[in-house]
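The structure appears below as structure tokens.
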There are 2 protein chains.
Amino acid sequence: MKVNNKYYRSIWLKEKDPSVVLSIDQRKLPFEFHVVEFKTVEDIREAIENMTVRGAPLIGVAAAYGMYLAAYNQPAGNYAEKYFSDIAEKFKSARPTAVNLALAVNRSLDNILDEEKPADRLNAAMQTALELAEQETGYCQNIGRFGLPLIEKISKEKAGATVNILTHCNAGWLACVDYGTATAPIYFAHEKGIKVHVWVDETRPRNQGARLTVWELSQQGIPNTLVTDNAGGMLMQQGKVDIVLVGSDRTTITGDVANKIGTYLKALAAKDNNVPFYVALPSTSIDPSLRNGLNEIPIEKRSGEEVEFMEGMLGTGLKHVRICEEGTNISNLGFDITPARLVSGLITERGICQAKEEDILKLFPEFSDTR
Amino acid sequence: MKVNNKYYRSIWLKEKDPSVVLSIDQRKLPFEFHVVEFKTVEDIREAIENMTVRGAPLIGVAAAYGMYLAAYNQPAGNYAEKYFSDIAEKFKSARPTAVNLALAVNRSLDNILDEEKPADRLNAAMQTALELAEQETGYCQNIGRFGLPLIEKISKEKAGATVNILTHCNAGWLACVDYGTATAPIYFAHEKGIKVHVWVDETRPRNQGARLTVWELSQQGIPNTLVTDNAGGMLMQQGKVDIVLVGSDRTTITGDVANKIGTYLKALAAKDNNVPFYVALPSTSIDPSLRNGLNEIPIEKRSGEEVEFMEGMLGTGLKHVRICEEGTNISNLGFDITPARLVSGLITERGICQAKEEDILKLFPEFSDTR
């Protein structure tokens, strides 16, 4: 999507220098648009862990690029299998909740180890990364196409008045190579001239809504309003939300949705106020091996410092202020589970389905084998 | 309650100088414990508006002290009725949602105007303020007494294991002269040796949970953990919350509860997870004239700057950092409405009742006249 009217993706290979992977430092947005260079496996692993790159689809693609850098820098000798497997494990353990990460790394590892010569392995790793990036982009475009009619329908029902959409965290193009998941239908609707307005949850503790989603939407010229995470319920009570669109880090084959903590609360409010609640996700975020989100999806525990310190601009520099007393006990869960019963539908690259096993399998029969 | 082991209330008259009302500057806690002096009507009105003093019961009492300062500084002449009425209006318009404010101001105004001599009016104003402070303290003690068995029962069911309580915002002694509403049962349980632990919602945008409730509880030695406003649902899903206790700024005679924005979302999660959800409130927070919270309780819209800027410590000073781009559209509603159907019960100074008109009227038959 566009940044100051120039087209970007959120990860790409440096032109004329295939030893360097480029991405956007999401920790500095919206205050600074900084393109960051990754030259080693460790650069990318660290970037995934510290959320320089974030978003379920993007961290999958980033890890595939990480496997590519592993191949680019592979040592001579006969230890390739262990070398690549160890690196794959490193990536998979960087963040536990998003399933895209493991999926991408496993695919890259398989493709690499299918080859024997170092040059072929390098080529396989690069092809896998490029393919995954293309694949996620295509998935997001299709999610946009299939999600668009939901917004169109509301627009017609409202006789062309503005459609108010609530979103949580950032399931935008930054998180997904391009277009985004939850944002793709919004971008498509806006492109088509449908009047939309987005309520953006700030998304504590890291404020991805306030920092990334507001910035993304504003860069594309889409009207938006920042609200605290506490506000969505009241907005729905007041009839100011027509539809909720969120992404997912992992969704079980039965339709339980792991997403940024706080999503479940919005789903409850949507149900209570008859507001449609849709989850936009590529099939790479579906985990066909899981049947119970609450019991089976690992929920990442992150550092309490993310809650204790708030980052923002002071004068012309980014500073951290401590918002509570030193030594405060803090718990910082990264995700929650929205049970399938609260989900109006899943918007996937193959169409919209109910958050139910039989409906998901109709769109993705290949998951029957992997359950 | 105690601050560094010394006993305080959150508002009082200066010893040996009745021209000065003292309170604690809640905007500086927990980083600085600062006792602030009010000498004029305007001092107190401003303190209510800028939240130096906050909390539904406290702003009622503070406004009564403001009416007292009005009497203390009353001009000579015959315009007393207009003088006091104008000041009363000023106080009532300072914050719209809490009903305690109007109730306290009206009571003070009536008592003042019942007298004719300036000295008698001064005395009436002082007596009213002192009585209201005593009354709210007594109410909170009774709320503690009546709420205690709820916690005791859970403790017994858990064979003495720690009772986990979730609270939102600050309905503590700072908000209520002494003891607090939601916190009173917790203080009483702790005093009785029952093991309790409190999950404290940070409460964006002003962070009353992170700043005031954590501080209050820690000062009394009560174990607590700070979480983001997004986390409560997940904690309940994981079975880590035994009961939710919150306060109220205004509750209709039918049991709809206005409280700090985000309360409704926690009530939904409590319902969804069979966690008891209790609202602790003195009868001064009940508005017998209202029957529909969503349609009738005015919801305060506050400045977007509260969301845009986050206050915290940097080095040794309090600083404000901007957490989003300059010029971001922001909406900042102060309260939401928890419908009576989501409330397990109201803990009042006369006992616990269901959030239903007939049950409220059983405890408070005097409200029959004012509906």
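Source: prediction; values computed, not measured.
Counting all heavy atoms, side chain and backbone alike, A/Asn329 lies closest to B/Asn224 at ND2-O, 3.1 Å. Closest heavy-atom contact between B/Ile323 and A/Arg211: O-CG, 3.4 Å. Taking each heavy atom of A/Thr225 and B/Ile330 in turn, the nearest pair found is CG2-C, 3.7 Å. The nearest pair of heavy atoms linking A/Leu226 to B/Cys324 is CD2-SG, 3.9 Å.
Although no hydrogens or angles enter the test, the distance criterion places no donor-acceptor pair under 3.5 Å between the side chain of A/Asp229 and the main chain of B/Asp229. Not a single donor-acceptor pair under 3.5 Å links the side chain of A/Glu202 to the backbone N or O of B/Val307.
In this structure, B/Arg204 does not pair ionically with A/Asp201, as no charged nitrogen and carboxylate oxygen lie closer than 4.0 Å.
Contacts of A/His168 with chain B are made by side-chain atoms alone, with heavy-atom separations under 4.5 Å and no backbone atom involved. Contact of A/Thr328 with chain B is made through the side chain alone, with heavy-atom distances under 4.5 Å. Only the side chain of A/Ile299 comes within less than 4.5 Å of a heavy atom in chain B; its backbone stays farther off. Looking at A/Gln238, the atoms closer than 4.5 Å to chain B (heavy atoms on both sides) all sit in the side chain, from C-beta outward.
If you tally non-hydrogen atom pairs under 4.5 Å between each of B/Gly232, B/Pro339, B/Gly312, B/Pro205 and chain A, the highest count goes to B/Gly312. With respect to chain A, the highest number of heavy-atom pairs below 4.5 Å among B/Leu314, B/Thr228, B/Asp336, B/Ile261 belongs to B/Ile261.
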Report task. Check the pair B/Tyr264, A/Asn230 against side chain to side chain donor-acceptor pair (under 3.5 Å), reporting the backbone distance first and the verdict last. Result -> CA-CA 9 Å; B/Tyr264 166 54; A/Asn230 283 324; over 6 Å; no
Requested in this report: Please assess B/Arg341 against A/Asp272 for the test side chain to side chain contact (heavy atoms under 4.5 Å, CB included), listing each intermediate value before the final yes or no.
Outcome: CA-CA 12 Å; B/Arg341 66 187 150 84; A/Asp272 201 46; 2.9 Å; yes
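A 6.0 Å sphere centred on CD of B/Glu32 holds more than 12 heavy atoms belonging to other residues, nucleotides or ligands.
Taken from CE in A/Met310 to CD in B/Glu311, the straight-line distance is 12.0 Å, to the nearest 0.5 Å. In this structure, B/Met234 CE and A/Phe335 CZ are separated by 11.0 Å, a value rounded to the nearest 0.5 Å. Note that OG of A/Ser218 is 6.5 Å distant from CD of B/Glu325, once rounded to the nearest 0.5 Å.
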